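Below is one structure, written out as structure tokens; the observations come after it.
Since we're looking at a predicted model, the values are computed, not measured. Order of the sequence lines sets the chain letters (A, B, ...), proteins ahead of strands, with each chain counted from 1. Basis for what follows: all heavy atoms, side chains included, without hydrogens, waters or symmetry-related copies.
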2 protein chains.
Amino acid sequence: MRIASWNVNSIRTRLEQLTSWLVRAAPDVVCMQETKVEDGSFPEAALSEVGYRSVIFGQKSYNGVAIATRFGLSVDDVKKGLDGDEQDVARRMLAATIEGIRVINVYVPNGQAVGTPAFAYKLAWLERLRSELEARYRPDQQIMICGDFNVAPEAIDVAEPKKWEGQVLFHPDERAALGRLMEWGLVDAFRACHPAKEAYSWWDYRMGAFRRNKGLRIDLALVTRPLAARCTDVSIDTRPRELQRPSDHAPVVVEIADGDAPPGVAPGA
Amino acid sequence: MRIASWNVNSIRTRLEQLTSWLVRAAPDVVCMQETKVEDGSFPEAALSEVGYRSVIFGQKSYNGVAIATRFGLSVDDVKKGLDGDEQDVARRMLAATIEGIRVINVYVPNGQAVGTPAFAYKLAWLERLRSELEARYRPDQQIMICGDFNVAPEAIDVAEPKKWEGQVLFHPDERAALGRLMEWGLVDAFRACHPAKEAYSWWDYRMGAFRRNKGLRIDLALVTRPLAARCTDVSIDTRPRELQRPSDHAPVVVEIADGDAPPGVAPGA
DNA sequence: GATAACGAGG
DNA sequence: CCTCGTTATC
């Protein structure tokens with residue numbers, strides 16, 4: 001099973017790039033963030049044409065998450081939104097159990113700037129995500145939390161760590177919040193597969209950051225240990241970032257070996 | 001000599017289409033309208049790369065005219081704006097003497113709707129253009145006035161004349177104003193070459209007007225009789241209108257035989 | 001149905 | 001730098 005995560009930065013604007021990439025990369029599942037579209041306008045038909053059914057949780061203009069799964073895969077126990085979300089809150093979380101794996105797709109708040117209310121909200125959001133794990137799941141289950149975390153875990157995940165240290169996306173408080181999440185029982189799948197590899201998933205549109213490869217690895221797949229044991233590779237596909245009018249994020253692809261998971265290990269809600 | 005006129009509807013948005021077309025159609029001169037860019041941001045370098053120098057008279061957001069000429073052609077007596085233009089008026093006229101031919105590039109006001117102040121301004125603008133001809137030129141000189149006139153001369157120039165009759169772009173008052181201009185001593189070069197041909201240069205973006213070929217011929221090249229005698233063909237190149245994200249106008253191309261014009265016939269200002 | 005400006009968000 | 005929503009123009 002191949003599970004991908006991609007912040008598409010508007011699914012309507014990126015639709016052709018997305019469908020081309022699906023055909024070429026052939027993931028079984030793609031978790032998308034920043035779809036920026038209301039559910040009624042989500043391009044389900046275009047994804048259907050290339051063989052995917054969609055589960056969607058979007059809104060106008062901002063945020064929005066979706067999961068597309070190859071036809072034939074089982075999709076159960078869809079959950080839209082984080083526990084404790086207010087009405088009309090930003091739509092940033094969508095979970096489903098796909099072929100026995102609990103896939104939790106997240107678009108963590110950006111945080112805007114350190115010290116702002118948005119930054120506090122980001123930290124609180126990560127803490128709420130941890131609370132949801134504690135309340136609903138166990139670390140011995142087959143669980144992946146993937147998406148745009150808007151946090152780089154370590155200095156190796158930042159092209160210019162000295163410049164970024166203390167900034168939003170690489171601030172100690174954010175890394176601590178991410179660390180607390182992982183302490184529950186999650187492994188950074190990319191880092192587990194590639195302990196010393198320098199690779200990035202996001203490059204600012206400005207200043208030719210992609211051309212100079214000045215990026216950050218902020219798109220992550222965090223997996224429980226039983227699922228980590230099945231991960232055979234994690235890669236970041238930079239080719240879509242090379243196109244005209246790309247998303248600022250590249251897709252992350254996790255390869256998972258067939259599991260003979262005993263029944264009951266991958267719960268719904 | 002091949003002189004083209006094209007309302008590009010934003011030269012920055014259309015830059016690639018424009019340069020491709022210049023390479024393919026190889027005009028000696030192209031008069032452009034609705035460049036929609038300030039002179040400091042005009043893409044001179046891109047036109048230079050394909051062999052053209054630019055004379056520009058543009059503004060932010062709206063209007064703006066430019067003439068690009070193949071390197072090596074003589075360009076003299078550039079005139080920016082119509083006589084009597086107030087400061088900061090819409091930039092709609094740019095003239096230059098190119099290889100002895102006075103080329104007057106115009107973007108006639110659209111007129112918005114019949115009966116509005118914009119409509120009166122359009123009629124007055126055409127009258128001012130006639131005054132400028134009377135004040136500065138003689139009909140025995142080599143003169144072309146080309147551009148987006150926002151008026152279709154005759155019913156044959158309108159795909160649906162009954163629908164358009166009395167509307168802006170095909171209103172009797174506009175046609176009378178155009179007629180008065182021509183009475184000074186100008187010939188519609190396209191119609192002179194093709195007395196019975198139905199061809200259009202503009203199609204509304206809406207309602208699939210281009211697909212259904214429901215257009216109007218509002219982009220004209222008006223020439224004095226001595227220059228008309230040198231016109232061997234006039235064509236409208238609809239291929240750029242077929243592209244993705246096209247201008248709503250197609251380029252008009254006038255072919256002019258080499259002239260042994262006596263000195264002094266093509267004045268500056 | 002295209003263009004543009006503007007301000008917000010990233 | 002790129003998206004969005006809005007407003008204005010053609």
- Only residue of B:Q17, B:E16, B:R14 satisfying side chain to side chain contact (heavy atoms under 4.5 Å, CB included) with B:L243 is B:Q17
- Query: Quick one: which of B:V108, B:D173, B:N150 gives a side chain to side chain contact (heavy atoms under 4.5 Å, CB included) with B:L126?
  - Reply: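 That would be B:V108; it is the only one of B:V108, B:D173, B:N150 passing the side chain to side chain contact (heavy atoms under 4.5 Å, CB included) with B:L126.
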Rounding to an integer number of Å, can you tell me how far [X] [atom1] sits from [N] [atom2]?
| X | N | atom1 | atom2 | value |
| --- | --- | --- | --- | --- |
| A:D204 | C:dG10 | CG | P | 14 Å |
| B:K36 | C:dA2 | NZ | P | 13 Å |
| B:Q112 | C:dT3 | CD | P | 20 Å |

- Within a radius of less than 6.0 Å around CD of A:E86, do more than 12 heavy atoms belonging to other residues, nucleotides or ligands occur?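 No - once you tally the heavy atoms of other residues, nucleotides and ligands closer than 6.0 Å, there are 12 at most.
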- Item | Touch class at under 4.0 angstrom, heavy-atom based, for B:D248 against every strand present | nothing
- Message: Over 60° means perpendicular and under 30° means parallel, so tell me whether A:W202 and A:H249 are parallel, tilted or perpendicular.
- Response: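 A:W202 vs A:H249 ring planes: tilted.
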- Item | Along DNA chain D, first and last positions that approach a heavy atom of chain A under 4.0 Å |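 Range of nucleotides within reach of chain A: D:dC1 to D:dG5.
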- Message: Reading 5' to 3' and counting Watson-Crick or G-U wobble pairs with both distances under 3.5 Å, write the dot-bracket notation for DNA chain D, | for bases paired outside the strand.
- Response: ||||||||||
- Pair B:D85 + B:K80: basic N to acidic O under 4.0 Å: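 Salt bridge between B:D85 and B:K80, a charged N being under 4.0 Å from a carboxylate O: no.
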- Message: In this structure, is the centre-to-centre distance between the rings of B:W164 and B:F170 below 6.0 Å?
- Response: no
- Message: From C-beta outward on A:Y107, which listed nucleotide comes closest to its side chain: C:dG1, C:dT3, C:dG10?
- Response: C:dG10
- Less than 4.5 Å apart, any side-chain heavy atom of A:Q112 and any of A:K122? no
- Message: Please tell me if B:R12 has a side-chain N or O lying less than 4.0 Å from either OP1 or OP2 of C:dA4.
- Response: no
- Query: Can you name the closest pair of heavy atoms from B:W203 and B:R241 and give their distance?
  - Reply: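 Smallest interatomic distance, heavy atoms only, reads O-NH1, 2.6 Å.
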